[in-house]
Novice: 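Attaching a single structure in structure tokens format; questions to follow.
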Amino acid sequence: MRALTILGDIRRLAIPYFKSEERWIALGLLGAVILLELAWVYATVLLNEWNSDFYNAIQEKNFPEFKYQLMIFCMIAVGAIIVAVYQIYLKQWLIIRWRRWLTRRYMDHWLSDDTFYRLRLQGDKADNPDQRIADDVRLFVSQTISIGVGLFGTVVSLISFSVILWRLSGAYDLTLFGTDIIIPGYLFWAALIYAGVGTWLAHLIGRKLVGLNFDQQRYEADFRIGLVRVRENSEQIALLRGAPEEERRLDGSFDRIWGNFFELMGLQKRLTWFTAGYNQISTVFPYVVVAPAYFSGAILLGPLMQTASAFSSVQSSFSFFITSYSELAEWAAVVNRLTGFERAIQSARNIAPASTTAPITEGGPALQVDDMDIRLPDGAPLLTVPALSLSGGESVLLMGPSGAGKSTLFRAIAGIWPFGSGHVALAQNAAVMILPQRPYVPVGRLDAALSYPRPPDAHLEADMAEALDAVGLARLIPRLREEALWPDVLSLGEQQRLSLARALLSKPRLLLLDEATAALDETMEASVYGLLRRRLPETAILSIGHRTTLTNLHDRTLHVSGDRAPRRLEDAPAIAAAS
């Protein structure tokens, strides 16, 4: 049943590509690879028949026939080489096209509708999405083609050489309990029994490989993401003298790789003991089975070699699962990870948004929130907002205790917080921009970071330079086209000013500032708010902040009241519980 489930998952993962917009190219490449596999099998059949004539020429010391057979061999070998070269080439072409299509598909599913964010809210049921998209997709595509085409060739080879072996082996007389039993095609049955027993034993030894390979990939990804986090947070770690603790964490992460790998080593060693012994015996086993007929004079050297070759091919085909067991186990683990990723994505998409959004008619407020009930992922109440309205050009400050749900309210207004209920209405065709306390500054060119999420050519370079100058970053203007690790180059205050320059360029109808000026001194903060009011006179601004000096920079103040959840958002003439 487990094997049937995995086969069903493989089919469900693979079929969409061959029904996609690339289907004709995909089917054409796959068909060409299959035809070349058939050609390869045909070449091995020709070589099998050649064995008989070649070794008969040797046994009979027929030199002219020997030279002729060498010419035949050269022609077959040249054809086989051409087939091998172009099969690998077309396989690689199919692999990279399929991988590109599947990678784009998973990236679209992961990034659309903020699914990547909802996966985090669910606790990342699918650990390390980066690894699943980058590594697991690559392994799935390459292994599916390799194992699929290999299995197809094995089946064709098995059928072809079974017919040859059946024809060459004749019948075997066996006396059992005084009764003569004639076994037709006894060499075929000997190969079947030999491979069948070997496959069963290999499965008994290696069946835990699937789970161990699954865990190994997960532990490797956890270790890699831990290293990335140290790099991304190097300054904070250095300031806190946290290197020893990070080393301890990374050592613990690598210890899981170490322990699981040793289990893999032990199991792989036992499996290799068996498969290596099996393969060594397989080298001589066909000759042992066929030798009695040769030494009795029933066949010549040529038929002996042809029969042994056919027996070896049949036995090798039957032994496909033995020789490929480790690869099959890794393949199954990859399939499990991808199907788990798909289930997690679907589960995240099934989460309904916390609020319904509707447009506001012309002349209405920029933002209207009604009956908002914001909850935590576990369903616990967090914050209620009976009503909230902002007009164009109005500036409102939101204050309250830390952890009261202010930032979560922003997420609900933006439509990315899925827990709770309520109604959000925005001005028709209104652009909404949220600036968090720690802005996202992508790596690359500075003009791309400034215009994010729009492309750099969405703004004139002169406008970008003017925006940088307005927020006090004129020194960066000559570096607009420069590529750098800007999150490391710029201080937090400079990153906040860069994000404010984005707002000046984008001119949103609604601007939500989540402590977006917390790293600026009070003088610079006041200057920035004055700049926003002057440059964006039609923009409604809703700010989260803790400094009491912010009250003078806004038209009115809202306060989150209440000592226990759910707290309420209400107008407050004084800031009694700010922290």
Side-chain angles (χ1 to χ4, degrees), residues 99 102-103 106-107 109-111 114-143 206-272 326-345 347-348 377-378 436 438 440-443 485-488 492:
R99 182 186 174 189
L102 195 57
T103 298
Y106 276 116
M107 285 196 301
H109 289 175
W110 183 51
L111 294 173
D114 302 315
T115 303
F116 60 95
Y117 175 70
R118 296 185 183 190
L119 282 172
R120 287 188 57 194
L121 297 178
Q122 288 185 311
D124 272 346
K125 292 182 179 179
D127 59 275
N128 304 301
D130 55 305
Q131 186 210 27
R132 303 203 185 202
I133 295 174
D135 291 341
D136 290 342
V137 167
R138 173 181 57 83
L139 289 171
F140 171 75
V141 170
S142 61
Q143 290 177 339
R207 57 187 171 183
K208 292 183 179 179
L209 276 174
V210 175
L212 289 174
N213 274 304
F214 183 98
D215 290 339
Q216 190 69 19
Q217 292 169 19
R218 177 162 59 91
Y219 296 151
E220 294 280 3
D222 289 342
F223 180 64
R224 184 173 63 247
I225 201 67
L227 294 171
V228 171
R229 285 171 178 160
V230 171
R231 185 194 69 193
E232 291 178 343
N233 299 280
S234 56
E235 181 180 356
Q236 295 93 321
I237 293 170
L239 289 172
L240 292 170
R241 301 292 189 268
E245 174 61 16
E246 292 302 322
E247 185 175 5
R248 185 190 67 80
R249 289 172 183 266
L250 291 172
D251 276 342
S253 182
F254 192 81
D255 282 344
R256 289 192 289 274
I257 295 176
W258 172 279
N260 194 77
F261 192 76
F262 263 93
E263 287 191 58
L264 269 172
M265 286 171 55
L267 187 55
Q268 190 67 56
K269 181 182 73 173
R270 293 193 293 273
L271 185 61
T272 304
S326 295
E327 189 178 5
L328 288 167
E330 185 181 9
W331 188 36
V334 167
V335 170
N336 287 339
R337 288 181 62 79
L338 286 179
T339 53
F341 187 40
E342 286 193 342
R343 286 194 297 270
I345 286 176
S347 175
D378 61 3
R438 179 169 290 278
Y440 174 61
V441 180
V443 174
L485 295 172
W486 295 110
D488 297 331
L492 179 57

Novice: Are Leu264 and Gln268 packed together at the side-chain level, in the sense that at least one heavy-atom pair is separated by less than 4.5 angstrom?
Specialist: no

Novice: So which atom in Thr103 and which in Ile133 form the shortest heavy-atom distance, rounded to 0.1 Å?
Specialist: CG2-CG2, 3.9 Å

Novice: Would you give the length of the straight line joining atom CD of Glu327 to atom CG of Leu139, rounded to the nearest 0.5 angstrom?
Specialist: 10.0 Å

Novice: Out of curiosity, Ser253 OG to Glu220 CD, how far, rounded to the nearest 0.5 Å?
Specialist: 9.0 Å

Novice: Assign the ring pair Tyr106 / His109 to parallel, tilted or perpendicular, where the plane angle (0 to 90°) is split at 30° and 60°.
Specialist: perpendicular

Novice: If you take all heavy atoms of Val443 and Pro487, which pair is closest and at what distance?
Specialist: CG2-CD, 4.2 Å

Novice: Quick one: which residue pairs count as a salt bridge (charged side-chain N to carboxylate O under 4.0 Å, His left out) with a foot in residues 249-270, not counting sequence neighbours?
Specialist: Glu245-Arg249

Novice: Is there side-chain contact between Arg337 and Asp135, with heavy atoms separated by less than 4.5 Å?
Specialist: no

Novice: With sequence neighbours left out, write down each residue that passes ring-ring contact (aromatic ring centres under 6.0 Å, His included) with Tyr219, or none if nothing qualifies.
Specialist: none

Novice: Of the non-hydrogen atoms in Gln216 and Ile257, which two are nearest, and what is the gap between them?
Specialist: NE2-CG2, 3.4 Å

Novice: Does Pro442 have any side chain to side chain contact (heavy atoms under 4.5 Å, CB included) partners at least two apart in sequence or in another chain, and if so, which?
Specialist: Tyr440, Ala449, Tyr452, Arg502

Novice: Provide the closest heavy-atom pair for Asp136 versus Val334 in the form atom of the first, atom of the second, distance.
Specialist: O-CG1, 3.3 Å

Novice: To the closest 0.5 Å, what do you measure between CG (Leu267) and OG1 (Thr272)?
Specialist: 9.0 Å

Novice: For Phe254, enumerate each residue passing the ring-ring contact (aromatic ring centres under 6.0 Å, His included) test, keeping only those at least two apart in sequence or located in another chain.
Specialist: Phe223

Novice: So, for Glu246 and Val230, which heavy atoms are closest and what is the spacing to 0.1 Å?
Specialist: OE1-CG2, 3.5 Å

Novice: List the residues meeting salt bridge (charged side-chain N to carboxylate O under 4.0 Å, His left out) with Arg343, not counting sequence neighbours, and say none if there are none.
Specialist: none

Novice: With Glu330, which residues qualify under salt bridge (charged side-chain N to carboxylate O under 4.0 Å, His left out), at least two apart?
Specialist: none

Novice: Hey, are the side chains of Phe140 and Leu102 touching, using non-hydrogen atoms and a 4.5 Å cut-off?
Specialist: yes

